[in-house]
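Here it is, the structure, as structure tokens.
Basis for what follows: all heavy atoms, side chains included, without hydrogens, waters or symmetry-related copies.
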Amino acid sequence: MAEPADSGVYVCVAGNKVGQRQSSAAGVTVLERPGFVRRPDDVTVEPGGTARFPCEPRGDPMPRVHWQRERGELPAGRYEVTPDHTLRIYYVAPGDAGDYTCLAENEVGLASASVRLVVQDTHTADEGQREPREDITRELQQVQVVSPSRPVEEFRMSYRPLVPGSWERAERGLPANPQERSELLTGFKRGHKNELRVREHSGQHRSPNSNSEEVPDAPPRSLTVATVGGGNNSLLVRWEPPPPASHTGILKGYKVWCLGNESQHSRNWTVEGGSLELAIDGLTPGIEYRVRVAAVNSAGVGVATEPQYVLIGQCLAGWGPGVGC
């Protein structure tokens with residue numbers, strides 16, 4: 001059976017006692033049916049958390065990847081598929097529980113890998129969240145703003161869903177009526193988390209936002225650090241996201257610090273939000289490093305973890321083959 005490694009250029013050579021002849025060169029390409037280098041795993045998530053399903057296909061030509069839900073559609077406005085084909089579902093609701101399938105397809109075949117999303121404590125959730133497409137109405141009230149010294153001419157209200165790619169805000173102006181301090185908003189979706197802001201306008205003056213986003217107020221969880229490879233001058237850093245309630249917005253990434261005992265031995269990196277590990281190489285033997293990680297959102301860098309100490313050249317126990325000494 002032909003394999004991709006058999007692809008190449010072939011020539012047929014025929015010979016006898018008086019000589020030989022060869023044919024024109026012919027190119028042969030062996031295509032490979034889709035498969036998976038990495039299959040997604042089942043995930044259990046608390047309500048309000050983020051579910052991540054990595055899916056890494058293989059094949060020749062490289063397969064096209066598509067995610068689908070076994071029953072119903074993907075959560076509208078709360079999911080994205082990253083360039084590396086990872087499916088992320090944000091602000092998970094009980095109604096999101098179920099089976100999801102990664103489909104990989106090219107010119108010679110189709111492969112699929114299914115996973116299950118389990119949402120914890122579904123019995124305590126609002127049953128209405130099981131209808132993510134139903135419109136709801138909310139009344140915005142008790143919004144405090146900082147009044148300028150001059151009379152307020154109008155209020156400007158803006159709002160947007162807190163999901164990746166939704167950076168544009170809907171905006172409306174409200175008359176500065178001292179007797180009316182509420183506004184009725186419609187058109188929201190169940191299970192979606194939204195950000196609403198109000199500002200006072202007076203001439204060229206703009207008050208601060210009524211509820212500006214704050215940095216994450218808790219550190220990432222389960223930080224672990226280990227030396228990697230035979231030379232032991234590299235580290236593998238792993239962590240888990242902070243608790244969902246501490247995000248105060250969409251996590252855009254993580255800040256990782258590796259601090260030595262002198263300024264020239266200190267380095268830092270910004271890691272994309274879907275990554276929960278970082279390999280650090282080129283470290284100096286004999287130096288004790290301190291590693292810390294913090295989550296990042298639109299407001300900035302949040303609370304960092306307590307430092308993990310590692311002396312380059314030492315082995316750390318508790319890691320599998322290929323990690324440690």
Quiz item: Hey, mind stepping through L311 and I287 against side-chain contact (heavy atoms from CB on, under 4.5 Å) and telling me if it holds?
Solution: CA-CA 6 Å; L311 178 61; I287 298 295; 5.8 Å; no
Self-check item: Same cluster (ILVMFWY, side-chain, under 4.5 Å), L223 and V271
Solution: yes
Quiz item: Hey, what else clusters with V37 if you join Ile, Leu, Val, Met, Phe, Trp, Tyr whenever side-chain heavy atoms sit under 4.5 Å?
Solution: none
Exercise. Kindly indicate whether the side chain of S7, heavy atoms from C-beta on, has any atom under 4.5 Å from the side chain of V28.
Key: no
Exercise. Flag the pair V118 / V43 as yes when at least one side-chain heavy-atom distance between them is below 4.5 Å, and no otherwise.
Key: no
Quiz item: For V13 and V11, what are the C-alpha separation, side-chain angles and deciding distance, and is it a side-chain contact (heavy atoms from CB on, under 4.5 Å)?
Solution: CA-CA 6 Å; V13 178; V11 174; 4.2 Å; yes
Quiz item: Looking only at heavy atoms, which two atoms of W67 and T86 are closest? And how far apart?
Solution: NE1-C, 4.5 Å
Quiz item: If you look at every heavy atom in V9 and A25, which pair is closest and at what distance?
Solution: CG1-CB, 3.5 Å
Quiz item: Minimum heavy-atom separation for P75 to D96, with atom names?
Solution: CG-OD1, 3.5 Å
Quiz item: Hey, mind stepping through N233 and T284 against side-chain contact (heavy atoms from CB on, under 4.5 Å) and telling me if it holds?
Solution: CA-CA 6 Å; N233 64 342; T284 304; over 6 Å; no
Quiz item: If every non-hydrogen atom of P242 is compared with every non-hydrogen atom of L251, which pair is closest and at what distance?
Solution: CD-CD1, 4.0 Å
Quiz prompt | Check: R52 and P241 side chains under 4.5 Å, non-hydrogen atoms | solution = yes
Quiz item: With a 4.5 Å limit on heavy-atom distance, are the side chains of L31 and N106 in contact?
Solution: no
Self-check item: Residue pairs fulfilling side-chain hydrogen bond (donor to acceptor under 3.5 Å, both in side chains) with at least one residue in residues 11-22, sequence neighbours excluded
Solution: none
Quiz prompt | Qualifying residue, where the test is side-chain contact (heavy atoms from CB on, under 4.5 Å) with V291 and the options are L278, T224, V225 | solution = V225
Exercise. Locate the shortest heavy-atom distance separating Y289 from C258; write the atom from each residue and the value.
Key: CD2-SG, 3.5 Å
Exercise. Nearest 0.5 Å please: distance from the CD1 atom of I89 over to the CG atom of L74.
Key: 6.5 Å
Self-check item: Between CZ on residue R292 and CD on residue E306, distance to nearest 0.5 Å
Solution: 6.0 Å
Exercise. Report yes if the side chains of V237 and V293 come closer than 4.5 Å at any heavy-atom pair, otherwise no.
Key: yes
Using distance only, find each side-chain donor-acceptor pair of residues 58-66 under 3.5 Å and give its atom names and separation, not counting sequence neighbours.
unit_1, atom_1, unit_2, atom_2, d
R58, NH1, E32, OE2, 2.8

Quiz prompt | For R221, all residues meeting side-chain hydrogen bond (donor to acceptor under 3.5 Å, both in side chains), sequence neighbours excluded | solution = none
Quiz item: side-chain hydrogen bond (donor to acceptor under 3.5 Å, both in side chains) with N268: which residues, sequence neighbours excluded?
Solution: K255
Self-check item: Listed partners of Y254 passing ring pair (Phe, Tyr, Trp, His ring centres under 6.0 Å), at least two apart
Solution: W239
Exercise. Quick one: closest heavy-atom pair of P220 and A294, and the distance?
Key: CD-CA, 3.9 Å
Quiz item: Residues two or more places apart in sequence or in another chain: which of them pass salt bridge (charged side-chain N to carboxylate O under 4.0 Å, His left out) with E105?
Solution: none
Self-check item: Partners meeting salt bridge (charged side-chain N to carboxylate O under 4.0 Å, His left out) with R88 (sequence neighbours left out)
Solution: E80, E272
Quiz prompt | Pairs involving residues 107-118, ordered by first then second residue, that meet side-chain hydrogen bond (donor to acceptor under 3.5 Å, both in side chains) (sequence neighbours left out) | solution = D99-R116, T101-S114
Quiz prompt | Same cluster (ILVMFWY, side-chain, under 4.5 Å), W269 and V310 | solution = yes
Practice problem: Scan for side-chain hydrogen bond (donor to acceptor under 3.5 Å, both in side chains) pairs involving residues 37-48, sequence neighbours excluded, and state none if there are none. | Solution: none
Quiz item: With a 4.5 Å heavy-atom cut-off, do L276 and E240 have their side chains touching?
Solution: yes
Quiz item: Is there a chain of hydrophobic side chains (I, L, V, M, F, W, Y, each step under 4.5 Å between heavy atoms) that links F36 to V108?
Solution: no
Self-check item: Hydrophobic cluster (4.5 angstrom, side-chain heavy atoms) - remaining members for L103
Solution: L110
Self-check item: With T50 via side-chain hydrogen bond (donor to acceptor under 3.5 Å, both in side chains) - residues at least two apart
Solution: none
Exercise. Please round to the nearest 0.5 Å and tell me the distance separating atom CG of L87 and atom CG of L117.
Key: 9.0 Å
Quiz item: F53 vs Y100 aromatic rings, parallel, tilted or perpendicular, using cut-offs 30° and 60°?
Solution: parallel
